[in-house]
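Every value quoted in this text rests on a predicted model; they were computed, and no experiment measured them.
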Amino acid sequence: MSSDGTSGPDRDGTDVDVVVVGGGAAGLAAAVALGRSRRSVVVIDAGSPRNAPAEGVHNLLTRDGIPPAELVRLGTAEVEQYGGSVRRGHAVAARALEPGFAVELADGSTLTCRRLLVAAGARDQLPTVPGLAERWGRDVVHCPYCHGWEVRDQPIGVLGTSPMAMHQLLLFRQLSDDVVYLPHTAPDLTDEQTAQLDALGIAVAPAPAARIVVEDDRIVGVTLTDGTTVPRSVIAVASTMDPTSPVLDSLGLRPEPIPGAPFAGSSYPSGQGGSTSVPGLYLAGNITEPMAQVVTAAGQGLMAGAVANADMAAEDAGLAVARLRAGATPTAAAVAR
């Protein structure tokens with residue numbers, strides 16, 4: 001195997017131990033864990049992370065506020081420090097081999113591996129309110145834990161698009177005394193919810209939102225369908241998750257509605273440590289857990305990498321025993337391979 005981890009063959013004829021699809025926090029954390037266990041690993045990174053529009057990553061201990069691109073740069077350096085490599089490209093399909101997988105890239109090349117870990121993330125689908133998508137990740141936000149501190153004490157409008165609207169209202173009210181509910185496609189408020197909004201001083205706009213008003217590159221209000229404008233500087237909205245993965249689709253996996261919250265989108269199901277119904281295939285990050293923040297996604301990547309490594313270690317032990325019984329000398333290299 002070459003020093004960049006992209007040519008082989010390695011062990012049983014595969015190019016590398018693990019191919020990781022997705023170069024965000026989950027994928028890079030998985031690759032670091034695997035590299036530190038002396039596994040050969042290649043990360044395929046399409047270069048389009050979900051959090052790219054955000055100014056900074058939050059709730060990441062000791063790295064709060066770090067720009068997403070800088071986090072990827074540092075993570076890439078850590079992967080390379082432990083012998084792995086990060087390759088820019090698009091993984092478009094995969095097929096199971098005996099053993100392992102073949103991962104096909106958009107440039108026509110193929111990488112073979114013993115285990116496959118997909119951490120390609122997901123896409124946020126936003127309501128079709130004119131002006132909303134253009135401000136996404138700036139003054140249109142979705143998570144009070146990701147962005148709340150940065151918009152504290154500002155006039156916030158919560159766009160109601162699902163049954164989660166009340167949840168968002170309560171959390172953003174914790175951050176600002178000036179919160180207005182903007183009805184859109186969410187279910188009507190119950191009497192109890194209306195009483196809670198009244199008690200908390202949260203006003204309800206008299207008509208649905210029609211468009212976002214922007215001046216001097218910042219939100220200044222929301223125009224309603226009745227023609228009135230509600231002054232706001234921040235809009236909070238719940239996105240719908242789209243985790244489409246051609247790699248997983250090619251292996252027969254399909255996204256399923258998010259348990260307990262089908263209105264929030266879908267995700268690919270996985271079990272403990274990111275395991276799936278396809279042996280040797282693991283998932284981590286937003287593709288399987290839509291609500292995972294960066295720190296959570298990184299933790300999932302670490303666990304999926306560790307489970308994949310343990311799986312290979314057990315397989316290596318079985319192969320070593322088979323060779324010993326066949327009369328091979330039990331050298332250190334034989335045991336390792």
- Query: Going by atom types only, do T223 and T229 share a side-chain donor-acceptor pair under 3.5 Å?
  - Reply: yes
- Please, which pairs that meet ring-ring contact (aromatic ring centres under 6.0 Å, His included) have at least one residue in residues 22-59, sequence neighbours excluded? none
- Message: Test of understanding: clusters of I, L, V, M, F, W, Y form through side-chain heavy atoms closer than 4.5 Å, transitively. Do V129 and V204 belong to the same one?
- Response: no
- Establish, from distance only, whether the side-chain atoms of S270 and T288 form a donor-acceptor pair under 3.5 Å. yes
- Do any N or O atoms from the side chain of D15 and from the backbone of T112 form a donor-acceptor pair under 3.5 angstrom? yes
- Item | Single-linkage hydrophobic cluster V151~W136, side-chain heavy atoms < 4.5 angstrom | no
- Task: Working to the nearest 0.5 Å, report the span between OG1 of T161 and CD of Q125.
- Result: 12.5 Å
Could you pull out every donor-acceptor pair under 3.5 Å between side chains of residues 274-286 and any protein atom, sequence neighbours left out?
| unit_1 | atom_1 | unit_2 | atom_2 | d |
| --- | --- | --- | --- | --- |
| S275 | OG | Q272 | O | 3.1 |
| T276 | OG1 | V278 | N | 3.1 |
| T276 | OG1 | V278 | O | 3.1 |
| T276 | OG1 | L281 | O | 3.0 |
| Y282 | OH | D311 | OD2 | 3.1 |
| N286 | OD1 | R50 | NH1 | 3.0 |
| N286 | ND2 | E289 | O | 3.1 |
| N286 | ND2 | P290 | O | 3.3 |
| N286 | ND2 | A292 | O | 2.9 |

- Query: For R73, what residues pass the side-chain contact (heavy atoms from CB on, under 4.5 Å) criterion, not counting sequence neighbours?
  - Reply: E70
- Message: Under the rule for side-chain contact (heavy atoms from CB on, under 4.5 Å), what residues qualify as partners of S176, not counting sequence neighbours?
- Response: I156, D178, V179
- Return yes if some donor-acceptor pair links the side-chain N/O of T228 with the main-chain N/O of L224 below 3.5 Å, else return no. no
- CG of D139 to CZ of R218: how many Å apart, nearest 0.5 Å? 9.5 Å
- Message: Can you confirm whether I66 sits close enough to L74 that some side-chain heavy atom of one is under 4.5 Å from a side-chain heavy atom of the other?
- Response: yes
- Item | Side chains of V20 and I44 in contact at under 4.5 Å (non-hydrogen atoms) | no
- Taking the side chain as every heavy atom from C-beta outward, state whether L182 and V180 have any pair of such atoms under 4.5 Å apart. yes
- Between the CZ atom in F101 and the CG atom in L111, the distance rounded to the nearest 0.5 Å is 14.0 Å
- Query: Hey, is R88 close enough to D107 for a salt bridge, meaning N to O under 4.0 Å?
  - Reply: no
- Message: Tell me whether the count of non-hydrogen atoms from other residues, nucleotides or ligands lying under 6.0 Å of CE in M303 goes above 12.
- Response: no
- Item | Taking every non-hydrogen atom, the tightest pair across V294 and A25 | CG1-CB, 3.7 Å
- Message: Under 4.5 Å between side-chain heavy atoms, counting indirect links through other Ile/Leu/Val/Met/Phe/Trp/Tyr residues: same cluster for V237 and V214 or not?
- Response: yes
- Out of curiosity, T244 OG1 to I287 CD1, how far, rounded to the nearest 0.5 Å? 8.5 Å
- Backbone of R87 reached by a side-chain donor or acceptor of D45 within 3.5 Å: no
- Steps toward side chain to side chain contact (heavy atoms under 4.5 Å, CB included) verdict (S239, L126): CA-CA 5 Å; S239 62; L126 299 176; 3.9 Å; yes
- Using a distance-only test with no angle check, is there a side-chain donor-acceptor pair under 3.5 angstrom linking R123 and T240? no
- Query: Any donor and acceptor pair, going by atom type alone, linking the side chain of S109 with main-chain N or O of L105 inside 3.5 Å?
  - Reply: no
- Query: Are L170 and V141 in one and the same hydrophobic cluster, where Ile, Leu, Val, Met, Phe, Trp and Tyr link if side-chain heavy atoms are under 4.5 Å apart?
  - Reply: yes
- Item | Backbone N/O of N59 and side chain of D64: donor-acceptor pair under 3.5 Å | yes
- Note on the structure: side-chain hydrogen bond (donor to acceptor under 3.5 Å, both in side chains) filter on Y82, not counting sequence neighbours, yields R36
- Output, in order, the C-alpha distance, side-chain angles, deciding distance and verdict of salt bridge (charged side-chain N to carboxylate O under 4.0 Å, His left out) for D316 and R39. CA-CA 12 Å; D316 291 340; R39 297 293 182 184; 3.1 Å; yes
- Message: Is it true that, when you exclude D226 itself, more than 12 heavy atoms of the residues, nucleotides or ligands shown sit nearer than 6.0 Å to its CG?
- Response: yes
- salt bridge (Lys or Arg N to Asp or Glu O under 4.0 Å) against D177, all qualifying residues, sequence neighbours excluded: R173
- Query: Transitive ILVMFWY cluster of M291 at side-chain heavy atoms under 4.5 Å: who else is in it?
  - Reply: none
- For the pair Q168 (side chain) and H142 (backbone), establish whether a donor and an acceptor sit closer than 3.5 Å, ignoring hydrogens and angles. yes
- Message: Run the salt bridge (Lys or Arg N to Asp or Glu O under 4.0 Å) test against R95 and tell me which residues pass, sequence neighbours left out.
- Response: E104
- Task: Rounded to the nearest 0.5 Å, what's the gap from CG on L132 to CD1 on I212? Could you check?
- Result: 5.0 Å
- Message: Show me the pairs that pass side chain to side chain donor-acceptor pair (under 3.5 Å) and involve residues 206-217, at least two apart or across chains.
- Response: R135-D217, R138-D217
- Side chain T110, main chain A102, donor-acceptor under 3.5 Å: no
- With side chain to side chain donor-acceptor pair (under 3.5 Å) as the test, would you mind laying out the steps for R114 and S40 before giving the verdict? CA-CA 10 Å; R114 297 176 68 190; S40 54; over 6 Å; no
- Message: Can you list everything that forms a side-chain contact (heavy atoms from CB on, under 4.5 Å) with R152? Sequence neighbours excluded, please.
- Response: W149
- Query: Mind checking what makes side-chain contact (heavy atoms from CB on, under 4.5 Å) contact with T128, not counting sequence neighbours?
  - Reply: none
- Task: Among residues two or more places apart or on two chains, list those pairs meeting side chain to side chain donor-acceptor pair (under 3.5 Å) that have a residue in residues 246-257.
- Result: D249-Y268
- Query: Say you draw a straight line from CG of L175 to CG of D153; how long is it, rounded to the nearest 0.5 Å?
  - Reply: 8.5 Å
- Message: Count I, L, V, M, F, W, Y as connected when their side-chain heavy atoms are under 4.5 Å apart, and connections chain through other members. Are M166 and V158 then in the same cluster?
- Response: yes
